[in-house]
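These notes concern the structure reproduced below.
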Amino acid sequence: MRKVIGFLLIASFAFFIVSLVARDLWIDDPAQVRTIGQAAIGQTIPQSGAANTVTAIVVQFRGLDTLGEVTVLFLSAIGVALLSGEFAGRGLNELFADDGGFILHYGTRLVLPLIALVGAYIVAHGHLSPGGGFPGGVLIATAVFAVLMTNVQQRLSTRLMAVIEGLAGLAFVGLGTLGLLGDKFSFLANVLPKGELGFLFSAGIIPLIYAAVGTKVAAELSTLVTSLTGSDKDAGPASVSAGGKGGAR
Amino acid sequence: MISVSAVLYTTSIILVLLGLYGALTRKNLIRTVISLDVIDLGVNIFLITIGYIKDGRAPIYVIGSGSLSVQAARMADPLPQALVLTAIVIGFGVTAVALTLIMRLYEKRKTVEVSETRGLKW
Amino acid sequence: MIAIVLFVSVLLIGLAAGAIFVRSLGSAVILLGAVSLLVALAFLLLAAPDVAITEAAIGSALTTLVYVLALRRTDSVHRADTDGELGMERAGGTAKGAFKGAPRIDGVARAADGSVLQSGVSSAGASRASEAKGDSRA
């Protein structure tokens, strides 16, 4: 019965979507929907000096949305850390009977700085080649995740991650406030010199903002994975809950 | 010939409908979260296909290869790509919080089947 | 170009249907990781390399890791879904029976029916050790 209702709902939804989209399905060159994109492509080099138009849109033309996105990630990291409070300090020992062996143990530690270097490269060259702050930060957090999953005794201090995250967020907002002091008087305006196209030190505040975003995303996702794998060094009273319950009984 | 946009629009719509059906009818909660993830992927493909032009290039200026205005004429639309960049990251945040909720539910009730928990009747 | 796009699309729909309808949850999570990688490939074909890098890093690396952790904590790695339709069809609803012969990779020695022999020894060594123990007892 449930499946029949599901089918009927899906069929009506499909009919609705297809009737909306069908007249555009055969067009590969929709000139009429490209007006804003056209303007963004044209204005990238005059207004921001970055070679990557997507970066110019994300950081400069719609920079406030990026601040909101970083806030949403921050909220989700807090949510996960709060919800997994009871097992944030209990390590992976109870889950995985095997530590991962010698190769995983030392291999991940060896590979961690290389992956972090690739992540930092992707963050630093966000205005010149595809990438930017978000994939770079995610890459660094993935390296941290790999080390935490294979070394079950490893602990990471979420207090340090919180300090790094806070400082990076402060840097983002501080760079935006610089725009208020310039002559354009708008938050997140590009006030530093734009430089030459294609150089690493160009495009005003865009590399600096992406560096702040990359650091913040890496710290947030490290907090998230630390709470999930139970490798938190600064877990609160929950980490002694096993002993506490036994003592109370 | 069929255009690339038509194929990809159809694929993304089918992915959204598949994910919606899975989210409506599966009893296992982890299966529900997987279906929500599939809906996310379908919507992202749909958004980027809106900005695709025939034989489009990536929206990045390359210094050595030709004049900048010639490059600009063939670029795919960068605006949907900027929006989808945000959407992917936020989709991951939603998945992480949903899975943490399911882990807590398992600790309290020792089950991840919706039919066995009293509050959710489906 | 249209041939590659058609191939990727058909594979995408097939694997996504597999991720939703297959019986074993571990397989479903791995299929979801594969779907994420195919979607990253589709983004590349659509001239969006920024989005492709982000989707590959987040969708196939981080999301799969978080799912595996969730599966492990809810003890669902070898559990068969009660309303999955594809894949293994064991009576009784648990997929543990399918792995009776294969050794479980957790460093604990198990006999053929899953009972624990002794910890810290691999299962090939354990069968030899149990034979030796059986011989010494007999």
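Treat the numbers as computed from the prediction; the structure is a model and nothing was measured. Chain identifiers are assigned alphabetically (A, B, ...) following the order of the sequence lines, protein sequences preceding nucleic acid strands; residue numbering begins at 1 within each chain.
Sparse packing is recorded around CZ of F74(A), with 12 or fewer heavy atoms of other residues, nucleotides or ligands lying under 6.0 Å away.
Between L224(A) atom CG and L62(C) atom CG the span is 8.5 Å, to the nearest 0.5 Å. In this structure, CG on D50(C) lies 5.0 Å from CG on N52(A), to the nearest 0.5 angstrom. Of the inter-residue distances, the one linking L228(A) atom CG with R72(C) atom CZ reads 15.5 Å to the nearest 0.5 angstrom.
Between chain C and the options A141(A), G132(A), P130(A), G126(A), heavy-atom pairs under 4.5 Å are most frequent for P130(A). Heavy-atom pairs under 4.5 Å with chain C were tallied for S129(A), P135(A), A146(A), G136(A); the largest tally goes to P135(A).
Pairing each heavy atom of T142(A) with each of A61(C), the nearest pair is CG2-CB, 4.1 Å. Here the closest non-hydrogen pair linking M149(A) and L65(C) is SD-CD2, 3.8 Å.
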For this session: Please test F134(A) against I58(C) for side-chain contact (heavy atoms from CB on, under 4.5 Å), starting from the C-alpha separation and ending with a verdict.
Result: CA-CA 9 Å; F134(A) 293 103; I58(C) 292 184; 5.9 Å; no

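The closest side-chain heavy-atom distance from T54(C) to V138(A) is not below 4.5 Å.
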